[in-house]
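Taking it in order: structure first as structure tokens, then the write-up.
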There are 2 protein chains.
Amino acid sequence: MATKLPSTSRSLPIALVRAREGVMSPIREMLSETSITEQQWRVLRVLTECGPLDSKTLADRASLLFPSLTRIVTTLNKGGLVTQTRDAADRRKQIVAITEVGKKIIDDHSEEAARIVVGFKSRLGPENYETLLDLLAMLDPANSDGDT
Amino acid sequence: MATKLPSTSRSLPIALVRAREGVMSPIREMLSETSITEQQWRVLRVLTECGPLDSKTLADRASLLFPSLTRIVTTLNKGGLVTQTRDAADRRKQIVAITEVGKKIIDDHSEEAARIVVGFKSRLGPENYETLLDLLAMLDPANSDGDT
DNA sequence: ATGGTTTCCTTAACTTATTAATCATTGCGA
DNA sequence: TCGCAATGATTAATAAGTTAAGGAAACCAT
């Protein structure tokens with residue numbers, strides 16, 4: 001048999017899946033009032049925070065793979081929540097920007113989203129919350145590989 | 001504008017997504033040598049650990065939704081990695097069990113999987129690793145809602 | 001400038017996630 | 001026993017994840 005593996009209840013991948021489910025559940029509930037999905041919300045969030053971005057940066061910041069981003073941005077564009085413009089200097093590149101309609105969706109729900117975040121913070125305790133974010137960052141290859 | 005939301009770089013959902021990606025990447029690489037997927041691996045892991053289970057319990061332990069489990073178990077069954085038997089007493093219920101072929105896949109890779117786990121443990125430090133699992137458990141609704 | 005390479009993006013194909021609807025079996029009350 | 005609600009499982013529909021392949025624009029060395 002030789003199962004040197006940890007019990008599934010102490011398995012890091014499974015713990016991450018369950019934690020994500022726990023965190024996303026209320027957020028999904030909030031988004032169910034809107035017409036946008038969790039990933040669309042992430043894209044709009046990043047665009048609100050960073051302003052217009054090229055697709056590569058946008059995919060990176062929103063933690064989405066390129067093919068997913070293509071579909072999501074296309075959908076958002078059809079709904080009038082973002083605009084897609086080709087870079088004049090390099091016509092391979094594409095600049096995605098949020099529209100007023102898109103901004104309104106973020107604004108209309110930012111308070112409730114913030115409340116949800118506060119809820120988790122108080123559940124864990126503020127310092128535990130920060131610790132968790134730090135530990136999670138250590139698992140992100142982008143944070144621990146690139147810079148020594 | 002009124003964005004009371006945390007910067008996406010300190011956003012819990014995004015941090016969870018990125019951490020999961022970082023953790024799953026080497027595991028996926030390991031599984032690419034086999035014919036099974038990440039979720040199929042989870043199902044086989046749970047069955048190895050708990051023995052034959054009814055679908056409901058299995059879905060819960062593997063953190064999979066029922067419709068996903070239906071497909072995954074069907075696929076695994078076709079491949080001869082698990083068996084599906086209907087409960088004699090209640091023919092609505094279904095019992096899923098791992099086969100010898102399925103067990104062999106787990107056994108053949110349990111050492112490498114354990115090595116991957118050790119790698120993360122040493123990256124975080126053992127006590128940080130345990131702290132992380134504890135904090136993640138606090139986000140799991142199954143752990144904090146049911147029992148006060 | 002031309003062929004080859006790289007970069008950016010999109011498609012394609014397959015699997016999974018999520019929600020809702022549907023089917024089958026069971027249990028229960030009139 | 002006949003309907004009818006409840007339960008377990010599946011199917012359906014749409015969105016997203018993942019890997020690989022394809023297409024267009026830019027770059028680069030000859």
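Letters A, B, ... mirror the listed sequences (proteins, then strands); counts begin at 1.
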Report summary line: Comparing nearest nucleotides in DNA chain C, the 5'-proximal residue of the pair B:A88, B:T37 is B:T37

Report task. Rounded to the nearest angstrom, tell me the gap between atom CG in B:L65 and atom P in C:dT19. Result -> 7 Å

Query raised in the report: Just checking B:L64: base, sugar-phosphate only, or nothing, at a heavy-atom cut-off of under 4.0 Å?
Result: sugar-phosphate

Report task. Determine the sole option in A:T70, A:V46, A:L69, A:V73 for which the side chain to side chain contact (heavy atoms under 4.5 Å, CB included) test with A:L64 is passed. Result -> A:L69

Query raised in the report: Separation of B:R92 atom CZ from C:dT25 atom P, in whole Å?
Result: 10 Å

**Report entry** Length of the line joining B:D87:CG and C:dT26:C1', which is rounded to integer Å
**Finding:** 12 Å

Requested in this report: Would you mind telling me which residue lines up with the more 5' stretch of DNA chain D, A:T75 or B:F66, judged by nearest nucleotide?
Outcome: B:F66

Query raised in the report: Using a cut-off of less than 4.0 Å, is there contact between a side-chain N or O of B:Q40 and OP1 or OP2 of C:dT15?
Result: no

Report summary line: Taking every heavy atom of B:A62 against every heavy atom of B:R42, the minimum-distance pair comes out as O-NE, 2.8 Å

Requested in this report: Given salt bridge (Lys or Arg N to Asp or Glu O under 4.0 Å), test B:E127 with B:K121 step by step and report yes or no.
Outcome: CA-CA 9 Å; B:E127 69 289 352; B:K121 245 181 219 171; over 6 Å; no

Report task. Provide, to the nearest angstrom, the distance between the CZ atom belonging to A:R28 and the P atom belonging to C:dA20. Result -> 12 Å

Report task. Could you tell me whether A:I72 contacts a base, only the sugar-phosphate backbone, or nothing, with contacts defined as non-hydrogen atoms closer than 4.0 Å? Result -> sugar-phosphate

Requested in this report: Using a heavy-atom cut-off of under 4.0 Å over every strand shown, decide if A:T70 touches base, sugar-phosphate, or nothing.
Outcome: base

**Report entry** Side-chain N,O (A:Q94) to OP1/OP2 (C:dT10) below 4.0 Å
**Finding:** yes

Query raised in the report: Quick one: on DNA chain C, does A:P67 or A:D90 contact a more 5' nucleotide (nearest heavy atom)?
Result: A:D90

Report task. Mind checking B:S68 for me? I need base, sugar-phosphate or nothing, with any heavy atom below 4.0 Å counting as a touch. Result -> base

Query - Contact check, side chains of A:T37 and A:I72, non-hydrogen atoms, under 4.5 Å - result: no

Requested in this report: Using whole Å, report how far CG of A:D60 lies from C1' of C:dC8.
Outcome: 15 Å

Report task. Could you tell me whether A:A89 contacts a base, only the sugar-phosphate backbone, or nothing, with contacts defined as non-hydrogen atoms closer than 4.0 Å? Result -> sugar-phosphate

Report task. Establish, from distance only, whether the side-chain atoms of A:T57 and A:D54 form a donor-acceptor pair under 3.5 Å. Result -> yes

Query raised in the report: Crowded around A:E29 CD? As in, over 12 foreign heavy atoms under 6.0 Å?
Result: no

Query raised in the report: A:L31 has an atom CG; how far is it from atom P of C:dT19, in whole Å?
Result: 11 Å

Report task. Would you indicate what B:R71 reaches in the nucleic acid, counting non-hydrogen atoms under 4.0 angstrom: base, sugar-phosphate, or nothing? Result -> base

Query raised in the report: Nearest-Å distance, CZ (B:R86) to P (C:dT25)?
Result: 8 Å

Report task. Would you mind checking if A:R28 and A:E21 are paired as a salt bridge, meaning a charged N to carboxylate O distance below 4.0 Å? Result -> yes

Query raised in the report: Going 5' to 3' along DNA chain D, which nucleotides are the first and last within contact of chain A (any atom under 4.0 Å from a heavy atom)?
Result: D:dA15 to D:dA26

Query raised in the report: When only distance counts, do a donor and an acceptor, one from the side chain of B:R91 and one from the base of C:dT25, lie under 3.5 Å apart?
Result: no

Query raised in the report: Short question: side chain of A:R20, backbone of B:P13 - any donor-acceptor pair under 3.5 Å?
Result: no

Query raised in the report: Atom CE of A:M24 to atom C1' of C:dT19: distance rounded to whole Å?
Result: 15 Å

